[in-house]
Each structure stands twice: as structure tokens, then as C-alpha cells.
Amino acid sequence: MTDLIKIFVAAFLINNIILMRFIALCSYIGMTSDVGQSVGMGLAVTFVTVMASAVTWPIYYWILKPNGLEFLEILVFIVVIAALVQLVEFYLKKSVPTLYHAMGIYLPLITTNCAILAVTFDQITFNYNFVQSIVFSIAVSLGYLLAMLLLAGVRQRLKNSPIPSFMMDTPILFLTTSIIAVAFMGFAGLIK
Amino acid sequence: MENKTMKLVLSGAPHFVTGYDIQKTMGMVIIALLPALAGGVYFFGLRALLVTAVSIVSAVAAEFLFRKALRRETHVTDLSAVVTGMLLALILPVSSPLWMAAIGSAFAIIVAKELFGGLGGNFANPALVGRAVLLMSWPAFMTRWSPSLHAAVVDATTTATPLGILKLGGTITDVMKSVGASGKPALYLQMFLGNHSGSIGETSALLLLLGAAFLVVTRVIDLRTPVAMIAATFVASWLFGQDPTFSVLAGGILLGAFFMATDYVTTPVTPIGKWAFGIGAGLMTVLIRQLGNFPEGVTYGILLMNVLVPYLDKIIPRKFGFVKPRKVNA
Amino acid sequence: MKRWQMIKLGLILAVYTIVGCVGLAFVYNSTSKTIAQRQEADLQAGLHEVFPTATGFTPTDKVKSPNSTIVFDAAYTADGPSGSLGIAVKAHGPSYGGPTTLIVGVSTDGTITGVKVLENKDTPGLGANAANPKYYVDKATKTTFPGQFAGKKVSDAFIVKQDVTAITSATITSRSITNLVQAVAKAASDALGTAGSAPVPSSPSSSAVLPSADTVRPSSRAATSSVPGVSILETLVGTKAGTIVGASGKATAKSYDGDVTVLVGVSTDGTITGVQILECTDSLGSPILAPEFAQQFVGKKAGTPLEIGTNIDAVSGATLSSRGATALVKATADALVTALAGGGL
Amino acid sequence: MSLKTFRGGIHPPEHKESTRDLPIERVPTPKSVVIHLTQAIGAQNQPLVKVGDRVVKGQMIGDVQACPAATVHASITGIVRKIEPAPQSNLKDGMAVFIEADGTDETAYMAPLDAFACSREEAIKRLRDAGIVGMGGASFPTDVKLAPPADKPIDTIIANGAECEPYLTIDYRTMMESPADVVEGLAIAAHIVGATRAIVAIESNKADALPVIEQQFAGHSHGIRMGTIIAATKYPEGGEKMLMKAITGREVPSKGLPFDIGVICQNVGTLKAIKEAFIDGKPLIERGFTVSGGACKTPKNLYAPIGTVIADLIPDVIQMSDDVRKVIFGGPMMGVTVPSLQTPIAKGTSGVLFFTAAESKQYEERLCIRCGRCANACPAQLMPMLMNAALDANDVNRADAIGLVDCFECGACSYVCPARIPLTQRFKLGKDLLRNQRAKEARHGK
Amino acid sequence: MKIILETAIIAAVLGLLIGVALGFFREKFAVPSDPLVDKIRAILPGANCGACGFAGCDAYAIAVAHQTTTPDRCTTGGKKAGDQIAALLGLTSSAVDQIAVLVCQGSKDKAPLKADYEGIQSCRAAKITTGGTKLCQWSCIGLGDCTRICPFDALHMGDDGLPHVDTVKCTGCGKCVDACPQNVLTRVSRAKKGAMPLCSNRNPVKSKVIATCKIGCIKCEICVKSCPEGAIHMERGLPVVDEHLCTSCGICVAKCPTKVFKLIEKDIVTS
Amino acid sequence: MKRLFGVFVNGLIIENPLFIIMIGLCSSMAVTTTVANGIGMGVALTFVLVMSELIISLFRNLIPESIRMPIFLIVIAAFTTIMDLEMQAYFPVLSKSMGVFIPLVVVNCIVMGRVEAFSSKQPVADSVVDGLGMGIGYTWVLIALAVVRELLGNGTLLGFQIMPASFSPMIFFILPPGGFLVFSLWMAASNNLRRKLLAGKKPEPTQDSCCTLPENGSAEKA
């Protein structure tokens, strides 16, 4: 149990996927202009990440590794994830339209979201077992959601700041992220 | 008509303003920080004053030059840069190289404040950002503590702050030894007076409380946040099995609670938000002290809460005459 | 028609996949050898660095990892011109920013011959200096951080800031690497059979904690502790000239992140006559094995509060383990006193 | 013992000492007056006279077209010279009747009416015919205010003598000089709405008016239970909702009206006008106001016919210093500036203030530093800085959610703001934008 | 060789499976879509990067098609994609060929201020707190609310204190018309021809108009009388031109004593 | 020729993937702690980009619309894996220090975006040049970031000590927050420069990028 908590805290805060590892920045910048949007995106990412993690783990350990085909990892993972996302999107659009409008519309963005692929690679690199992988994927994607929410909040305040013109738009967002990351450095070493 | 001779002015109501402005607010804060600075000079020598002066000059110069370069109106007379420079100096070790203090406050002013549009536009406390960046950049300088000039005992351990001693695996007993106290009451007294190693302005609880009392009496600060932060620190450290009184007196809790968690721009304006901010900052501080890498967590505790302020500001208090909307029966 | 369309799509995709994958397989075939060679070369270089005089290395499976957080990747016996020189182990264990991989060499006499840090993901410029060949903890002798372990005895204390110099501003990294080195070295020397005399008393004598007794026999009924988590492994009764003078018990409990095992002796009047800390598997807990720590308990009354910071001093660097051990000692002593009073021994 | 009050509020300098002890003077009848046809909140009135008509003091010259509105009357006797738009103290040029005095002092008042004997409808009609409006500044037609819906019983009526605006002392003087009129008017108003309790509320700095008022209770209360209460001296104590909260402890619900909590509040000047309308049959053709301010050499309290142009009073009645920069109709906190002295006194004009350049200095606006002083000062318990931030970000809906429409523009937040942000003005702007947006949505909704 | 065989088998299975599944799902769960959305979607690059602030290219295409956003927000596709989408929408949108026109000529020198205004520098704020800044209460206040709201940078305050419409940049979106508290901005079709009176002063008293503005309509009705086509009549104090009758003869422009009239094709819609 | 040059410059500056289009940001900050890493990553991405664009462009008429996405991904993933394996074999140190960011090239928006937006509609030569332009455009930005970070954060460039010995490196710059800061400031500088250029001579640069437009339109119709 403690190892799961450690994995969770480490992936959620200490090695926050956006603030400390620079992964999934495109959607982080693009999707934080509105809090509701960030929540939708964050939840969609959580859903797909967990799903991807649950699917790729058996593929790696039951198909690729026994046959010595680890080098196919990248290709197989990305294709499987892309297909899965598309299937889920088709399914939601037709069968659960309400959910689709809350979350599903973010799905196409997710295929090329680095966070998901990074999680599937990391769980292999870190030698996590299946349960650990799932916990890890939840933690990473919630960390993503957290970072999105923090930026979305600060962005609302920035609307009132007379930011110098050359810092407008993206530069100020990265500067904000930098300062949020400074604050997150405080979590360093929380888990040893 | 008579307009030509008289030149009347049209403006919106009210046609009256108080004489109290930003400059006066900042002036009050500076006055309130003076006892702590004086304490720093007393405990650590004149170099404390030098570090503070360099930090202030650098902060003011950075603000002035930056705004000039941007062709914006310079507002150095509002004294906010002085406050930032002063606060930053007060949370540096006295042995900090002068160039480091200068870089720190210039960085704080430009990156954390002016690039966001100046006073009022920033979302994180510039002084704390400055300190966090310095701590990241030159950890060796930032953790080189000098013993108090008036310490009863001077041995190797006094170069660590009381919290530092705990972080390195020491016990309260070791802390007592380091300040030359024979028992807990004596330890508390030493901590309260500030006769131990630490940042320039953070050691003396007495002088900080003096300044804080001034700000409270003059209604510059609201007591909610500091009280919440100190109480949260007290309770959380007690839950972690630490000596709660010691935890509150040690490190930057008081300085942070009264002077940084009350920074207008970067803390919530709503009453509940203020409570939440204080509690959150206190909890984060203790968490970092207990589990994190750093002996002291006030900087990060407050910075983390700074980031949450937009959400805390959403908890709006009850308006005058507010009635709960009645549920319409379906 | 529609069904055919679907299958056609599948086939097209399959063709692309096959072409892509098979292409990859060819590339893999050609590069995998190079990768393997390179890794082997790196390993050999590392091994030679820790055993410069060795003529060759033979894999061995004698070395076992002491706990689950440290993974032993491979172990080799270093072959010298005249028989085995020692054992080199490649292992990785947790550090501050991620796993640290290193090679530790231990000679047959229980001396560390060398340590090489292969990979460290800690803070660049600070913790990562552990792997930097140009970062010296001692500038005068140009000793790198891992370099300082060479020549150290396995039985040494391995306490950062005492017998190990820390990397500036990276105490955590220094500590975790030191612990890793110690654990690996100990496992290696155990495998070599030299079992360097670690400060653990190898065969705890129950009589040592009951100095007044002349004979010590197992109790007919075991003492039990009411404190959750404390399990008393064995209960002994000490007699002098046939009368019971006290009891001793061996107990174990969870401590900070490992287990701690103690041996406690209590006289019939409830005074603690002796304490030995037998084992502590906490990651930073080994310092409490020092007899000075255990000695503090002697003479204290069971039933009175025993507390770190008040009447028991913690061992510097191992506050949490000290606290765990103290609680265990107290629980055991209390249990023994209860058992003695109940007369059930 | 703490005085009755409400949460929030400010303590601006009072500046009342220069006029508080000066009796109200009646100005000589002006040669001409400019009477705007619409002087109350509500619908536009239509003129009852033509150019060239002779009108008599007290004659109704503008009648109500739609409710709510208040009738207007000629305040002097003379000839109607023209009817055309003229500058008005409520910003917009409105249609006005220009009357030139013919020197006679003929009057055409109504017959007295016994408020306690007549029916309620008659009483309300009398109020309407007399053109009485709230004289505290808001100019809300009194006949509407005293006729609340039948399902909202009124138990308390408050005579508002708080007069919290700096400089103004006209209400105080009215209480000191015509206490009987005020009490009589209060009794009439209480009788009309059926209130069983009537309270005269005064700020603590005017406590010496209390005994004067209380002496009159015996003779003029008409059996209504009357009392007095001293409230703390604080701005905006005289705000209707604030005073009710302070006196009765009841809060007018957000977006609600005072009669929702069974209370009605009337300015003491209005009460005097009510008394005159019933006992003397005199419509509201004259009002008292304070003349003061740093650029006014002759601070005083005056009675002047409605429609008297300020410029006509200079220099015989009022003298100004040369550096006058700002002329305010009303108090300094909520009054409006006027562009020229050609502005006539209206029914809602409680004061005319002349400010020097130094007094009307505009400070540079800075960024909000979120000090929270505005929130502490806001009597409506709003978060002005958050509303300002929302408006700054062009998010009118967010500002509305925080409470934009609950702001009643008392100006306390602007007064305390150390960053000199014109918060009150911004909220007025925000409300206007909000109205615009709502109207647009309604259009698109259809 | 074994590894290559294995790879091929796995690849074949994977490819076939996914291909069939995709085809199947697409068929089974097909949702009819808007052809306009599809067209816009086809122009967009499909990187689904989210930089536009929408959840992917599809979401953005829908928003553009429903005209809830502007077509220039795709950073990946750049100006190119924006132009194409705009062109696509231009065929169906009628708002594009309009242009904003200021119906007031009360520049600084012609329409005097009634007093100095201090406070929030916004027309709407000035209007609600002080009833505007100029003696003419119908005039352009001149504090530039329209210039600030213009998303196309097509309005600029001139030295004369009036906003000037950049006829090239103006798209006729109408934001400025909504923003103007005085309602002195209106939209006319770029193709429109004829005379247009540029005054909003409805004060019926000639002397008052003269006192407040040198270029205001003084209600002399010379235009009504002089128009050979009878195309001009007065409506609530202002002349109105019937565009169907107006022949752009220019007589009213020449005759108007205060120069209120302008010809749209000559003086207003210029490029 | 001139046209191809236009396509090249387009990626290099006018539509620079990082500063202007702002895609593929992740790796740009993660790997720029040292210049060597930056160059390595840039070369790796350029390789994948050019090869993928080449292949997709070659086969662009043989790709069914409905499974376009999986096929693109397969092609990109294949080249990413090849690049990954080669790096492991010949540049093991570099490969290790870049870690997960090498496989993540597969989801780098630059590759996906260019393949979708450009090479799936354009002839082979243009695609290759576009890949080169974009790749080099990406690389120079990485180097620019890395120079600042390595110099200030470590006092070295490409591993060589540059700053005087008395200089204490400001470690902040090689930590994550420093990465964000340096990127932010570089971007601000580029924005500022671009705005000045645009202000100086009307909207000429964008006009330039439009010179590739006509054919693009015709290609789409086809």
C-alpha cells in the first residue's frame, strides 16, 4: 500500500508531468483559457490514460516481451492508443451523447497528447506491476489536471494585469508556469 | 458664457477621497519591518544592514529601470519595491554574498512582478519567488548560517538553524544545546527573543510580533490569515509529534504569516479565502518541514497557496440582504 | 459491400503495419548487436574501474539483495592472477530523483575496492554531481564522492557527514547513495563469507541483558504485548540460584520504513537491566545499532514513559528509527513486567 | 454602549460646522425660473401650459402620463416664456418650462385636507397632486412609495434625519426649525400606510435635535407610537437600507424593496412637504438646500423656489471664490457635477457645493492592490475589488454574480481605495453594460 | 529470421484488427454531420493541437460554422487556413460587405465641450456619470469605446477627437455600433449610394443647435425643399433620405448651410 | 527552386514550429539543459520529420481517408523507433539523457501536424524541404534555449567551461522552472522582433508565406 501511495504522490506532485517534466504542454497552454474546459480535458485525459495504461501493460508483458519484440513498443503502443481513442469517441458520440459533450469532444486532442504515451513508456521503464501502473497513470493524469486548473485559475487573474505587450499571450503563460513550477519545487523530497 | 471664465470639471461621484494611498500602506509595512531588521543587525552584525541595503537598492533600481525601458510610468515612490527588497533581505542568511542579494531582488522585481504588469498584476509574492530561486540556484550560500553574535554557546552546531538541526536528525535537545538553553522554557525564551541562527529578519518572534501589532492596530493587515497559518502550523506539527510551540517560533512562520501571507496582491480577499489560505500555507509548511527536502517550508507553503488564490477568491461572503433562492417545487 | 469495405481497410492497414514492423525488425537486428556490445563494454569498463587488477569477471548468483527496493542487476566474481579478488555488483536503488545505478566492488577481506556511479537522475548540478567525475568532495586529493568509498571497510558506519563526506547541498542524494553502497557491499561481503563485523552483535546472548542471572531458560508461557504491531518472538526467564530474578524478551516491530528487533531484559522489580538493538532495517536506521543508544535504557523503570527528546536521546541521523526502537523497548519491557507480575513464567 | 449601525461604512470628514448653526434663509423671489417637467424617477411628464400662458404659484404645469412619476407646479407667478430642453442636474437636458416672474405674489394652493379623516385613496391623490418626491436625493414619487401593495403590511415608518453626506445640514436645520411640521408629516405618513410605530432616526453628531423633535410628539403624534433613535455617525447611515438595518435589524432582501420587510423610510424634508401638502394645501414648489464647499464664500442654508437657476443667486445670495472648479448638486459622495451654473434647483437638490481646484483633484489611477479596504467599507457587503476585476476583464456576468446590481453606488469604496480606482463609477458603467447585455439577450431570445 | 516472422505475424494481426474495428465502428456509430462543418474541417490542418482554444479541429470547425468564433484562430494552419475559411463563410454570410459610419461630425473645433471631464476615460462611463462631454448631448463623446472594442483595428481616434473608420479593415461586424452609448455609429452597405446626413442632434430649437455645434442639423429643411426627387423628409427632427429615390445629384450636399450631408460613394465608402 | 527555398524559410522562421505555431513544445524545454542534448534532439526530430514527410508524400494517394491517422502514426512510429535504436547504438549517453523524450517524438505535434497539413497534400520535393525547414527551425530554437540554460546554469557550453571560475552557476536555469522562464523570455523576444518587423514593412512576411498558397489551393481541389 505504501508503495502505491509513494508512486501516487511522486507522480502527482513531485514529478508533476507538466510542471516538472514538460510533457503535454501544447494542450496545457491551449486548453486553460477556461476552467470548465480544463476540467473536461483533464478528465478526458485521465480516462484515456488509465485505459491506455491498462491495455498496453498486458500487450507489453504478454505479447511483446515473451517474444523479444520490445523494440515494437513505440509503434504498437501509439497505434493501439490511437485506435482505442477513436473507437471510444465513435462510441460516445453515438451512444452517450451527454458524456460526449462533457468530455468526448476533447478526445481527438488526446491521441497526440504526450502524457498518455509517456505514461505507457514510463510504467515499463519503472518496472511497475499492473496495479502500480494503474495507480501511476491515475496520478500522472490527475497531476495534469491539477496543473491545468492552477494555470486556468491564474489566467483569469492575468486578464486584469497590464502585461507588457511583448509578454502577451504565450510568453506570460510560460512565465506563470515557471513560477508555479518554482512553488512546486517545494514538494521535492516529500517521498524518499 | 461663464463656462469660459470658470472652466468647470465634470466627474463621477464620489467627489471625495481619503488621503490614505498605496505609498502610505507600504510605508506602514516598512515601519513594521524595522524592528525585525534592527534585530537582525543586533544578532548578526552590521552586515545584515548591508545586505538589506543592497537588496532594497537593487529592487528599486530594477523597478525603475525596467519601467523606464518599457516607457511606462515609474512608480518607485509607492515604496512597494522597497518592501519587496526589504522582505527578501530579511529571509536571506546574513552571510549571503551581496551580488546574490542584488540578483535575487532584481529577479524578484522583474520576473515575478514587472513582467506581470507591476504592483497588483503579479500573482505570486515577489520576495518569496526571489528567495525560492536563490535557494535553487545557490543552495550552498543560502544554507550557510551564521550563529547569533550574542549566542550563549558557540560550537559547530550553532551554524545550523534550529529547524536545520532537526532536519539533520537532531532532537530538540540538540537545539537546546545549540542555543545554550537548559530546558524547554529557556529554549522558548531564546527562540522568542531571536537569539539563534537563521535568516536576518526571521529569528526574533518578539520583534516580529511588535511590527505585526503595529500593522494590526493601524488596520493595515487582517488578522485572519496569520492566525489561521500559525494555528495550522501549531496543530499540524503537534500531530507530527513535534513540539508545537517550538515549531511556531522556529523558522519563518511568524515573518511569513504576518508579512507575506498578508501581502495584499497575492493573497485572497474573501474572508473564507483568507482562512483557507492561512490553513493551507501552515499545513504545507509543516509537511515540507517534516517530509520534504528543506528544513523550512514557509516559502514554498505560501507560494503554493499563492497559486491557489484565484480559486480561494471565488468563495464570496454573504451579501447584504442575500436570501437563499427558494427551491421551486416541481 | 460494406463488409468488404471494412476488411479492405483492415488489409490496407495490415499491409502498412507489416511493412513498418518488418522494416523495424531488420533495423533492430542490426542495431541490437551494437547495443549489446556497447552495454557490455560499458559494464566491463565499470568493473575494471572498481577492480583495476582483475584479469576477468565471471558472473555469479551468490549475491542476494537484502531488500526489495534495491535491485541487483548482475554480480561478478573478479578473477585475479591468483584466485578470486572479490565480488563486483551492479545494482540500482532509489535516490532522490529516480533510480541510481552503480557498481560496487568488495574484496575478499571486506574492503570496498571501488564504487562507480553509472547513472543518477538527481538534481542537475547538485545531486547529479555524484556521477560527475570532475566533482571532488576533497579538492586536495581529487577524491570524487563515490571515490571516497574505496578502501572503506564494509563494517564501517557509513554515516553521511560523519565518516562519509556529503556532496554540497545534496545531503539526500549523498545519503541514499551511501546507503545503497553500504547495502550492496554488505551483501557482497556476506556472499564472500567474510561477513565483516558489522556493529550487529552476531549472536545475541540473552544473558547479556540479564547480568544478574546465572541461568536463562525459555519461559513456559510467552509474554505478549498489548501494543499493536509489537510481536514478542521469544520470552526467557533468568534465574539466580533457582529464583527468578528477571525476564528477557526478543521482540520485533515495524519502525520507520523497516523492522527493528530488540532484546530487552527486565528485573523482577521492573528495572530495565539491559537492552540490545539486534537489527534495524530502516533505510537510515543502522546508527541505532550502536551500543551507546541501547545503553541509555539501562536502569530505567519499565512502566515509566520513555521518550525521545526527554529521557532518551535519539541517535543523530536516525531520529525516526530511534523513536521506533524506543517504543519497542518500552512495549517489550512493559510486557515482560506484566508477565513477571502475573507469575506465569 | 455602542450605537445602532450596520456593517461596513466609512468616516469621511464631516465639514458640517460651517452651516449647521445657520438658520435657513428664504431667497428673494427670482426674476425667472426654469422648471423641468420631469423631476422624479420614472416616466416623462407632459406640459399643461403653453408659451405665453400666465401661471400662478402652485398651479400644476406638468402632469403625470404614466406611473411612477410626480406632477410639477409653477413655483412663482408669471408668464411662460418658452418650453424647450434645458440643462438639468440629472445629466440629461430635459424639457423645461421657462417662467418669467410678473412681480405679483398670487398663489393657487389646494384646499387643506385632513389626512386622518379622508380615505386612503384621497390621501394618496393629494400626495400626487402636490408632486411630492423623496427629498433625500433619489426623487422617488412619494405617492407611490406610500402606497405599497396590499399584501405587504407596513408596521414601521422611519423619519430619516441621518443626513450622512458631508457638508449637508439642511435636514438638521429642518428638524431644528420646523420640528412640528416634521412630526406632523410623520404622523400623516404613518397613518396613510397604517404603520403603528414611527421612529425618528438621527446620527449621533446631530443628537441635539432629538429633544427638539421629542417635544413635538405630544402635540402632533395623532396617537401613533413615536420614538427616536440615535445611530452611529457613519457614511452611508442615511442610506435607506442601511438605516433600516441599523434601526430595526431587518435587511431588505437583495433585489427586494423596503416594504418587503414592512418598513418605510422618509426623509425629514419630505415629511415637512407632506405636512404642507395636507395642512396648507401647498404643493412641492420650494425646497431647502445647503450651499457650501471650499470655493463658497457664503456657506448657508436656503429655501428657494424649485427651478431657481443657481446663476441667478450669484452674487446677491451666494458668493464664490475665483478658483471654483467643480459644482456639485447633492452631497459630495453621491451628488452629480453640473457643467454650468445655468442649472436650476430641482426637487431632489439637497445641496449645492462649490469645490476648489485642490478639492477636485483627480488622482492617478493605479492597479488594484487587493487590500480589501473597499470590501470593509461596502455597506452592502459586496466585494468591490472582485467586481472591478471582473469588469476589467469584460466579464459582466461574473460581476453580476458577485453582486453588481446590489451595489447602490454610495461611493464608500471609491472613497477608501488607496489605488484611487473610481470603483463607483465603474460599477455604474458595469450596470449599464449589464442592462445593455440583458436587453440584447432578451431581443435575441425573441 | 524468427524475429522477423514473429513481427510480421503480430503486425498483420494488429493491423487487420484495428482496421476492421475502425471501419466497423465508423459504420455502426456514424453520426450525420453538417456539410459546412466538414468543409471547414477539411481546411483545418487536423493537428488537433488545441492552440485555438477549442477541443480539437472538429470542435473549432463547429464553432466557426455556427459563427460563435472568428475563422482566424488556427495557429497551425496560419493565415492561409483563416483566409480560406473566411472565403468559405463569406459566401454564406451577408455581414461582410457592410461598413461602420459615424453619424456625427462634431469634432473638437466644431462641437465644444461643456466642461472638462475627469474619471474613467470611456464614452459610456462619461455618459452615465456626466451625461457626455459635449454641449450637444447627441454627439459623439469621443473617448473611443468603439476603437477599443474593434477586433480588426479598424477604428482610430483622430486628432479632431472623432473616431475614423479604416474602410479597408472594417468588416462591418457591428461591435462598435453596439458599444456606442450615443448610437452615433451605424452600418451601411459598401455598395450603397446616395446622400447621407451625418448628424444625430434631435434638439428642435435651432438656436440651441447652433450654440452646441457648428456642424449640426439646424432643422432649416432646405434639403427637403431643394431635393429634386423629393427623396428627403424630416423624421423626429432629422432629415432622412429615401435611398430608392436619391440619385446622388449632390444638391442637398451643396445646399445644406451646416454641411451635414455627404455622398456615401464619394465621401464615406472610400478605399 | 525559389519556391522550395520559400518552403524552407517558412519552416525555419516564418512558421517556426516553436515560436510561431507553438507546437511540439514539450521536448524543447525538457532536453535543453545542455547544448549537446538540444542538438541531439533537433537532429533526431529532423530525421523523423523528413523521413515521415517523404514517405507520406510518396504514398499520399494510397492512403484511405478513414484510416489516415493510424497509417500516419505507423510511419512516424517506425521512424521514431529506428532513430531510437540508432541513438541507443551509437550515442548511448545522449540517448540516456533524453530518456522518454525520444519515443515521445512520435506524438510530437510538429511531426503529426506537418504530415497532416503538408505532406499528405504536397509533392515529394516540397515535403522533404518542408521537413528540413521545420526540423532545422526546431533545432535552432533548441540550441538557442540550451545555450542560455547551459551557460547560466552550468557555466559551460557543449561541456566546455566558458564562464570564469569565480562564476557560480545559477542552477535555477537547468531546473524545470528555469526551462519555462528561458522559453518564455525567448518567445517574448521573438514576438517583439516579429512585431517590429511587421510594423516596419507592413504585413510582408505573411505575404511571403502566402507564395506557397496558390498551388496549395489547387492541390486541395484535386
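Each chain gets a letter, A, B and so on, in the order the sequences are listed, and its residues count up from 1. Owing to the predicted nature of the structure, the values given are computational and were not obtained by experimental measurement.
- Annotation: side chain of C:N29 is in contact with side chain of E:I4 (closest heavy-atom distance under 4.5 Å).
- Between atom CG of residue E:L17 and atom CG of residue C:L13 there is a gap of 10.0 Å, rounded to the nearest 0.5 Å.
- Residues E:L16 and C:L11 have side chains in contact (heavy-atom distance under 4.5 Å, counting atoms from C-beta outward).
- Enclosure of atom NZ in C:K8 is not indicated, since only 12 or fewer non-hydrogen atoms of other residues, nucleotides or ligands lie within 6.0 angstrom.
- Contacts of C:Y28 with chain E are made by side-chain atoms alone, with heavy-atom separations under 4.5 Å and no backbone atom involved.
- For E:K193, the NZ atom counts as loosely surrounded, since its 6.0 Å shell holds 12 or fewer non-hydrogen atoms of other residues, nucleotides or ligands.
- Most heavy-atom pairs under 4.5 Å with chain C, from the set E:A12, E:A11, E:A8, E:A21: that is E:A11.
- Interface residue E:L14: only side-chain heavy atoms are found under 4.5 Å from chain C.
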